[in-house]
K.L.:
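Handing you a structure now.
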Amino acid sequence: MIQDLIKAQLAYAIQQLFGIEIKPEAVVIEKTAANFEGDFTYVVFPLLKISKKNPEQTAQVIGDFLLQHFPELETFQVVKGFLNLSIKSDYWLRFLQSVGSNQNYGMAEPNSKEPVLVEYSSPNTNKPLHLGHIRNNLLGFAVAEILKANGHKVFTCNLVNDRGIHICKSMYAWMQFGNGETPESSGLKGDHLVGKYYVIFDKNYKQEIKDLIEKGLLEEDAAKHAPSILAAQDLLVKWEAGDEQTLAVWKMMNGWVYKGFEHTYQKLGVQFDQFYYESNTYLLGKEIVQEGLSKGVFFTKENGSVWIDLNEEGLDQKLVLRADGTSVYITQDLGTAELKFQDFNCNRSIYVVGNEQEYHFKVLQQIALKLGKTYAAGIYHLSYGMVELPHGKMKSREGTVVDADDLIAEMEHTAKETTQALGKMEGESEEALIQLYHTIGMGALKYYLLKVDPRKKMLFNPEESIDFQGNTGPFIQYTHARIKSILRMVGTHDGNFQLSNIVLSKVEKELMVKLYQYPLVIAEAGKDMSPGVLCNYIYELAKIFSLFYHDHTIMKEENADQKGFRIAACKLTAHVIKSGFALLGIQVPEKM
RNA sequence: GGUCUCUUAGCUCAGCUGGAUAGAGCAACGGUUUUCUAAACCGUAGGUCGAAGGUUCGAGUCCUUCAGGGACUACCA
């Protein structure tokens, strides 16, 4: 890396000139701001006390010294306390040649780092997926891919929340009002059908509460005694008792949902190494509770409920087992954590879960630490912000959601309309076109959701459609398609060139520097677990390329070496776009 | 009440461990194509970075206080 060379040279210069030992790693350099001449900048202000000179003089002396000892340095400029260094064009050209046709450019050695388990998606089985789930799925998938690119062995899993009162609500409503309706008879996708009864339940339940309040009950009591909630609770008891009829309905309705989810997952392009079902894991946590009691980490209250005191850690007392001996959410998660560790033997486990669960995961980690679990320190909650609508949070029960399937269909439709309006794809097969609309529509959606910092909440306005122009997935896909178009015309030209015959323009040099940064960006995205970092980078790359494309001819360039260089630059740009987008789960078309 | 978090252009967002004149896109206005894909490129306009203090040679970035949004603080999952 050139950065390391520069740091070493700077450290050497400072030691020689001012007699102060500095470790090269401790030297801070940064990219030169766009409006100044140069590639890298060293800020000399911190050095003034030891240099005993003013900022300009200090920078000047260091620059002069570097020019004599650092062969890669072309020139330097001093602006106030900033030393701007320009690297020789040859360096960038040799870089381009050295990458050549390396298909793994930017990727770390596979499986060279510790294994990581990424849990994401984690849906409830009582309703279809919505925009919030899409963000979760895309984030989980992208983070897993980025970690792979950083050399980790990565496993992915999906913990399906398939039991509990919410499913019983859908089940009860279906049993009451469904008349045996099935996905086949209704033509509805399975998860949507079940979701429909979840909404029906809620409507009915609210009406019952209203009626009871009119009869003189307090709201709180009405909510507890409404017939439908009692019936749903009764179903849950039956389910836990293993009642055959209840289990049969449960299995049937969950089956519908899974089939629906499978379709949506396939559209989203996500997949998992392992599925876990809470109906299988919810009992496991109870063993951990016993373990915690025997180790004295947990304590029992008079009514028999089991708790942990986390006041010292700045948290409250937390329930881990109910008085009736049934498990709660945290109990299950403790069990699942143990099971995941047994299955994958991973000490690092990432949970892609919304930020509303931050407290929960703090508690989970603290309990695991107190129990002395080896995997405790590696529990990491990748907490992402909610997707909000202009009027606030999405609520499935109230029907104020942006449905995943609807949105995907809408994106594909917009892609189709836009493509047809531009009329560049005439003569393509119907099959290829459908694939293209999917690629572009999903490219727009995925990029839109992934470009913002995962930790921040984001706003989605259904009234405004997701753009296809500017800082968007389709713009980047389009850039790729344009490059491919050139490369098709270039034919077999291999992009070879001699260094000596080439003069790099400003844009060309910028393009080289940008391409050079790809491995660093992958490392940074991995460290921060932020696909947004990668999105920004690829956008900037596409933007620089577009300018380069606009300003320079490739086919008609007469200087053979210059032409060869440009072809090589095109090839590498196309490769980085494709490779980077693949990490985000976004495909790029050859033509569009 | 307590804990956490957010606030940057009309809108949606970048801004790396503090560094130079705070950047994109969309929307608005204007320009660029007989020449490699105009889903592009260029330009104009738009900001006292929520407010006030502080630390520093230097603060959108760090600290304190305040204001406003949001989340969590269930024997729901």
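Every chain is numbered from 1, with letters handed out A, B, ... down the list of sequences. Note that the coordinates shown come from a computational prediction; the quantities given were computed from them, not determined experimentally. Worth knowing before you read on, the calculation uses all heavy atoms, side chains too, and leaves out hydrogens, waters and symmetry mates.
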K.L.:
If you take atom types as modelled and just measure distance, does the side chain of A:Ser305 reach the base of B:rC75 with a donor-acceptor pair under 3.5 Å?
P.N.:
yes
K.L.:
Have a look at A:Gln477 and say if it touches a base, only the backbone sugar-phosphate, or nothing, with a 4.0 Å heavy-atom cut-off.
P.N.:
nothing
K.L.:
Does some side-chain heavy atom of A:Met592 sit less than 4.5 Å from a side-chain heavy atom of A:Thr419?
P.N.:
no
K.L.:
Across the strands shown, which category fits A:His552 at heavy-atom distances under 4.0 angstrom: base, sugar-phosphate, nothing?
P.N.:
base
K.L.:
A:Arg488 side chain N/O closer than 4.0 Å to the phosphate oxygens (OP1, OP2) of B:rC36?
P.N.:
no
K.L.:
So do A:Tyr276 and A:Asn158 actually touch side chain to side chain, heavy atoms under 4.5 Å?
P.N.:
no
K.L.:
Categorize A:Leu422 for me: base, sugar-phosphate, or nothing, with a 4.0 angstrom heavy-atom threshold over every strand shown.
P.N.:
base
K.L.:
Of all the choices, B:rA77, B:rA38, B:rC11, which nucleotide is nearest to the side chain of A:Asn124 once you look at every atom?
P.N.:
B:rA77
K.L.:
Mapping A:Pro46 and A:Tyr549 to their closest nucleotides on RNA chain B, which lands nearer the 5' end?
P.N.:
A:Pro46
K.L.:
Base, sugar-phosphate, or nothing: which does A:Leu321 touch, judged by heavy atoms less than 4.0 Å apart?
P.N.:
nothing
K.L.:
How would you label the contact of A:Met386 with the nucleic acid (heavy atoms, under 4.0 Å): base, sugar-phosphate, or nothing?
P.N.:
nothing
K.L.:
If you find the nucleotide of RNA chain B closest to A:His166 and the one closest to A:Arg455, which residue's nucleotide is nearer the 5' end?
P.N.:
A:Arg455
K.L.:
Write down the distance separating the C1' atoms in B:rC16 and B:rG53, rounded off to the nearest Å.
P.N.:
28 Å
K.L.:
Mind checking if A:Ala481 touches a base, just sugar-phosphate, or nothing, with heavy atoms under 4.0 Å?
P.N.:
base
K.L.:
Tell me the interatomic distance from A:Asn126, atom CG, to B:rA77, atom P, rounded to whole angstroms.
P.N.:
13 Å
K.L.:
Applying the side chain to side chain contact (heavy atoms under 4.5 Å, CB included) criterion to A:Tyr42, which one of A:Ile6, A:Leu47, A:Val28 satisfies it?
P.N.:
A:Leu47
K.L.:
Evaluate whether atom NZ of A:Lys506 has more than 12 neighbouring non-hydrogen atoms of other residues, nucleotides or ligands under 6.0 angstrom away.
P.N.:
no
